[in-house]
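Okay, structure first, notes after.
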Amino acid sequence: MFYRPVRKSSWRRRHKPSNGDLYTLEANLANRALRELTDGADKDPITKLRLLCLSRGATGILGMGRAFRAMDDDGSKALNEEEFISGIRDIGLDVTDDEIKQMFNAFDEDGSGSINMTEFLLKLRPPMSQSRISIIDQAFNKMDKNGDGVITLADLKNVYSVKEHPKYQSGEMTEDEILTEFLHNFEGGRGNLDGKITREEFINYYATISASIDNDMYFDLMMRRAYVM
């Protein structure tokens with residue numbers, strides 16, 4: 001997880017970090033997913049793949065998205081069965097070849113032999129209410145200072161100060177190192193850690209966190225506290 005930076009306009013104020021809450025939510029989410037995977041009940045391929053990703057915590061679905069996009073050499077945003085199998089193997093999910101083929105067929109609804117990556121990730125991520133999507137969008141818009149649809153180091157420097165971060169105060173980390181670490185939390189821990197967060201990656205990350213929170217009001221409160229909204 002990440003240490004929540006302090007808002008630049010009021011960095012002297014000490015806001016309570018939400019690390020503990022997020023660590024607990026992510027641990028509960030992973031444990032719940034593992035229990036569901038091993039409860040013996042029949043599951044459709046999409047549900048099983050979602051649970052496998054959730055069992056890896058908040059970055060499981062992000063890691064899959066990054067792995068698949070890295071294979072999209074022609075920019076078609078589509079994957080054939082061979083690429084899909086390779087992507088699943090690359091991120092190390094414990095499934096058989098037959099199960100992977102069942103998963104592919106479940107996403108290839110029109111039988112064309114390929115799946116659209118954007119639609120695939122939309123179906124894979126846990127469903128959310130419109131109110132949750134709205135508060136996530138608000139947080140992204142606040143971070144995306146220049147409005148180009150991508151959060152970068154430059155955006156963060158214009159929004160947040162790290163002066164209250166303990167590792168900045170101790171000299172262990174520089175401002176760039178702290179903010180880059182923050183960005184990497186949203187990039188799935190695999191593939192190209194380019195220091196850029198797209199809106200899709202931001203939503204996918206919080207969709208996973210959302211899956212561990214039953215109450216909409218609590219989720220809204222968590223987001224507002226984390227991003228000082």
Side-chain angles (χ1 to χ4, degrees), residues 1-5 15-37 39 41 43-69 91 93 103 106-107 117-144 149-151 156 159 181-191 196-229:
M1 281 306 147
F2 54 83
Y3 175 92
R4 176 169 55 83
H15 300 288
K16 181 182 178 183
S18 56
N19 299 48
D21 291 345
L22 288 172
Y23 271 124
T24 300
L25 289 171
E26 187 170 7
N28 289 343
L29 172 69
N31 289 333
R32 183 192 299 177
L34 284 171
R35 286 197 301 271
E36 289 187 39
L37 279 169
D39 64 8
K43 296 173 182 64
D44 64 82
I46 295 176
T47 298
K48 182 168 185 178
L49 183 56
R50 181 185 297 129
L51 289 172
L52 284 166
C53 289
L54 294 180
S55 70
R56 294 187 163 205
T59 59
I61 292 176
L62 285 172
M64 177 171 290
R66 286 252 158 177
F68 283 165
R69 291 191 189 286
I91 60 177
L93 294 182
M103 291 172 184
F107 286 105
M117 285 192 290
T118 300
E119 292 179 0
F120 164 71
L121 290 171
L122 282 173
K123 290 178 183 177
L124 185 62
R125 77 185 186 200
M128 289 188 293
S129 66
Q130 187 54 49
S131 65
R132 297 195 186 200
I133 294 173
S134 177
I135 194 67
I136 294 170
D137 273 332
Q138 289 177 48
F140 183 88
N141 291 339
K142 177 179 179 179
M143 302 286 281
D144 181 19
V150 178
I151 299 173
L156 291 184
V159 178
E181 182 180 70
F182 176 87
L183 290 171
H184 284 176
N185 282 293
F186 295 88
E187 297 185 293
R190 287 177 173 267
K196 297 178 181 178
I197 308 170
T198 65
R199 186 180 296 272
E200 179 186 87
E201 288 171 336
F202 194 78
I203 293 175
N204 285 342
Y205 177 89
Y206 278 110
T208 306
I209 294 295
S210 169
S212 65
I213 301 174
D214 295 328
N215 186 283
D216 281 352
M217 290 181 66
Y218 180 75
F219 183 82
D220 186 278
L221 176 63
M222 180 200 74
M223 292 297 295
R224 291 183 187 281
R225 187 176 70 173
Y227 292 98
V228 197
M229 294 189 293

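Only a predicted model underlies this, so the values are computations on that prediction, with no experimental measurement involved. We number each residue from 1, following the sequence as shown.
Rounding to the nearest 0.5 angstrom, the gap separating the CZ atom in Phe120 from the CD1 atom in Ile46 is 9.0 Å. Note: Met217 CE to Met222 CE = 14.5 Å, rounded to the nearest 0.5 Å. The line from CG of Asn31 to CG of Leu54 is 12.0 Å long, rounded to the nearest 0.5 Å. To the nearest 0.5 Å, atom CD1 of residue Ile133 and atom OG of residue Ser210 are 9.0 Å apart. With rounding to the nearest 0.5 angstrom, the CG atom of Leu34 is 9.0 Å from the CG atom of Leu52. From Asp216, atom CG reaches atom CD1 of Ile135 across 11.5 Å, with rounding to the nearest 0.5 Å.
In terms of modelled atom types and a separation under 3.5 Å, the side chain of Arg50 and the main chain of Lys123 share a donor-acceptor contact. In this structure, the side chain of Asp144 does not engage the main chain of Ile151 through any donor-acceptor pair within 3.5 Å. A donor-acceptor contact shorter than 3.5 Å links the side chain of Glu201 to the backbone of Thr198. No donor-acceptor pair under 3.5 Å is formed between the side chain of Arg125 and the backbone N or O of Ala207.
By the 4.5 Å heavy-atom criterion applied to side chains, Arg32 and Leu51 are not counted as neighbours. At least one side-chain heavy atom of Phe219 sits less than 4.5 Å from a side-chain heavy atom of Ile136. Side-chain contact between Arg199 and Val150 is absent, with no heavy-atom pair separated by less than 4.5 Å. Using a 4.5 Å heavy-atom threshold, the side chains of Met223 and Gln138 count as separate. Using a 4.5 Å cut-off on side-chain heavy atoms (C-beta onward), Ser131 and Asp220 make no contact.
Side-chain contact, Ser134 with Asp137: no donor N or O sits under 3.5 Å from an acceptor N or O.
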Practice task
Verify side chain to side chain contact (heavy atoms under 4.5 Å, CB included) between Leu156 and Met143, making sure each step is shown before the conclusion.
Solution key: CA-CA 7 Å; Leu156 291 184; Met143 302 286 281; 3.2 Å; yes
Practice task
Take Met128 and Ile203, measure what side chain to side chain contact (heavy atoms under 4.5 Å, CB included) needs, and give me the verdict at the end.
Solution key: CA-CA 10 Å; Met128 289 188 293; Ile203 293 175; 3.9 Å; yes
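The heavy-atom pair separating Ser55 from Ala30 by the smallest distance is O-CB, 3.5 Å. In terms of heavy-atom proximity, Gly149 sits nearest to Phe140 at O-CZ, 3.4 Å.
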